[in-house]
Amino acid sequence: WRLSTGLSITQAGKDVLGLRRFAAFLADTHTECTTPASLDRELIERYLAWLSLTRPVAKGRGGEIGSLAGLLRATQQHRWLDDLPATAAIFAEDYPRQPEAPSRALSGFVMSQLESEANLARFAEARFRLLTELLQRAGLRVGDARRLKTACLRRDEQGADYLAYRNHKMRRDAVVPIDDALATAIAAQQQVVRDRWPDGPVLFPMIYANPDGTRPISRAAYATQLKKWLTDCDVRDESRSAVAVTPHQFRHTYATTLINLDVPQHVVKKLLDHDSDTMTAHYARLNQTTVRRHWEAARKVSISGEITIETAGPLADAAWLKNSLSRAKMALPNGYCTLPLQQTCEYANACLTCPMFLTTADFLPQHHQQLTETRALLEHAERHDQQRVLQMNQTVERNLLNIITTLERPVCSSQSCVSTGGCGCRSQSGGNDAS
């Protein structure tokens, strides 16, 4: 019955293994369960306790609980067993809490190698190259990409190209925009298929044992070609270690890249054809984790040139939220305002005289430009004896020099500096001269 609803054979096999686990529990605990009436909630709770000991990994245990839950739910839904107790059910709280999944997106360093024209040209067959580019640039799942129909291209009235595909996981059709180069490559593959199988329905057919061209290449065949290509190209990560890439990592990378480019989450959801906001929010969460890591690693300097240390301990998360809200409230051309949202600013946006101002090396060009402009103002004010202007801009000049000097100082690698987050090599007087 489950196969008839469109469930994959792979998932059906996993469910059978899950039910075998329940049978192993009955045998291991010498439990009699000879009639449906004996499969009650008490027995299920005993099974859950046994499973938590024999299957300590949350992900695997959750899958096996889901297999039994599916059987019980279908049995009650279709009334296959009238004497199955109504209490024979598994609830949401019975599933183990899953640990937060780490990012599976590939780094820019690795992706630059995978997207290199020279490396892509090293694929033994053009169809495997095209399949890889579809995963990289359209974010498709490999199961959907390898089963694309030959007539998969669409074009709107403005001449923009789209890819129509079947989302097998959600059991629905979907359309995603693609670039011109990808559309041209797909059109070339269409012609290759039509030359051999005029009525061939799939874009990536198997070459052998496929007389009518209806069988798409298998997942295993593509995985073999991908692994061989990675070896031929000698793809390595930042530590010079060989990289192992799974096809689904291209989809993760595609989604994470969109989030990093500030594409709205609801747009990313439509591009990936997700069913819920929760699925897409996973990538937004990963992006925030990356942003926070970079922010904490950056050297942050106040107007006096002092290196600011991130709040640690119980308030670390709250401090990050406060700074994030402040940056959202006040967009400055040369740094960040760390004033909490609940407080009003008494400095009238003269941020270089404000103790709540914070900046990083990203804004060095702006600081140098402002220093040049400030010195021009000082020369003009001195010529015209404008004492108030001189006083205000001398403070700005001094603070700019403090900031630039600290930001341009080489990062110290001594243990004392690394452990404190500041620079232990600075003079003890708190001045700006490097010791």
Side-chain angles (χ1 to χ4, degrees), residues 1-102 104 141-144 147 166-174 218-220 246-248 251-252 255 269 272-283 285:
W1 171 75
R2 298 196 71 193
L3 288 173
S4 71
T5 65
L7 186 76
S8 70
I9 293 178
T10 301
Q11 184 57 50
K14 291 179 180 178
D15 289 339
V16 170
L17 291 176
L19 297 179
R20 288 178 62 187
R21 181 76 61 177
F22 179 67
F25 153 73
L26 298 176
D28 187 50
T29 58
H30 306 288
T31 301
E32 291 290 336
C33 184
T34 56
T35 64
S38 59
L39 183 53
D40 54 13
R41 177 64 188 179
E42 180 184 355
L43 179 59
I44 291 174
E45 290 180 353
R46 287 173 52 202
Y47 169 63
L48 295 174
W50 176 87
L51 195 62
S52 67
L53 297 176
T54 58
R55 294 282 281 170
V57 178
K59 185 176 181 179
R61 185 164 78 254
E64 295 185 352
I65 293 173
S67 299
L68 179 60
L71 174 65
L72 296 176
R73 186 169 54 250
T75 300
Q76 293 170 341
Q77 176 184 351
H78 298 284
R79 302 184 64 85
W80 287 334
L81 296 171
D82 291 334
D83 51 346
L84 183 69
T87 58
I90 290 178
F91 305 103
E93 55 267 26
D94 293 330
Y95 290 86
R97 181 172 296 178
Q98 300 290 338
E100 202 168 73
R104 296 174 62 191
R141 298 181 181 89
V142 65
D144 298 335
R147 289 183 281 188
R166 177 70 177 175
N167 185 335
H168 292 83
K169 184 176 182 179
M170 301 303 172
R171 304 174 192 175
R172 63 188 178 214
D173 295 326
S218 66
R219 186 187 297 265
T246 63
H248 201 64
R251 180 173 173 86
H252 279 265
K269 174 185 174 184
L272 297 176
D273 197 34
H274 279 159
D275 206 33
S276 69
D277 293 324
T278 304
M279 299 172 70
T280 313
H282 171 72
Y283 299 103
R285 176 188 60 77

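Numbers here are sequence positions counted from 1.
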- Looking at D277, T280, D275, which hits side chain to side chain donor-acceptor pair (under 3.5 Å) with K269? D277

- Query: Closest heavy-atom contact between Y95 and G66?
  - Reply: OH-CA, 3.5 Å

- Task: Check whether any side-chain N or O of N167 sits under 3.5 Å from a backbone N or O of D144 as a donor-acceptor pair, and report yes or no.
- Result: no

- Rounded distance (nearest 0.5 Å) linking atom CD of E64 with atom CZ of F25: 13.5 Å

- What are the two closest heavy atoms between P36 and P85, and how far apart are they? O-CD, 3.2 Å

- Query: Are the side chain of R55 and the backbone N or O of L51 linked by a donor-acceptor pair below 3.5 Å?
  - Reply: no

- Query: For the atom pair CZ (R46) and CG (L26), what is the distance rounded to the nearest 0.5 Å?
  - Reply: 8.5 Å

- Message: Donor-acceptor check, side chain of R166 to backbone of R147, threshold 3.5 angstrom: yes or no?
- Response: no

- Take atom CD of E42 as the centre, draw a 6.0 Å sphere, and report whether it contains more than 12 heavy atoms from other residues, nucleotides or ligands. no

- Item | Pairwise distance CG(L71) to CG(L39) - rounded to 0.5 angstrom | 8.5 Å

- Query: Relative to the ring of W80, is the ring of H78 parallel (under 30°), tilted (30 to 60°) or perpendicular (over 60°)?
  - Reply: parallel

- Item | side chain to side chain contact (heavy atoms under 4.5 Å, CB included) between Y47 and T31, worked out | CA-CA 10 Å; Y47 169 63; T31 301; over 6 Å; no

- Within the distance-only criterion (no hydrogens, no angle test), does the side chain of Q76 pair as donor or acceptor with the backbone N or O of L84 below 3.5 angstrom? no

- Task: Identify the two heavy atoms, one from S52 and one from A49, that lie closest to each other, and give their separation to 0.1 Å.
- Result: OG-O, 2.6 Å

- Message: With a 4.0 Å cut-off on N to O distance, would you call R172 and D273 a salt bridge?
- Response: yes

- Query: Atom CG in L48, atom CG in L43: separation rounded to 0.5 Å?
  - Reply: 9.5 Å

- Task: Measure across A58 and Q98 and return the closest heavy-atom pair with its distance rounded to 0.1 Å.
- Result: O-NE2, 3.3 Å

- Item | Full working for side chain to side chain contact (heavy atoms under 4.5 Å, CB included) between D28 and T54 | CA-CA 11 Å; D28 187 50; T54 58; 5.5 Å; no

- Item | Donor-acceptor contact present, side-chain R21 to main-chain L68, <3.5 Å | no

- Take atom CD in E32; do more than 12 heavy atoms of anything else shown fall under 6.0 Å from it? no

- Item | Distance-minimising heavy-atom pair for Q11 and L7 | CG-CD1, 3.5 Å

- What closest approach, in Å, do L3 and A12 show between heavy atoms, and which atom pair accounts for it? CD2-CB, 4.0 Å

- Item | Electrostatic pair D94:R41 at N-O distance under 4.0 angstrom | yes

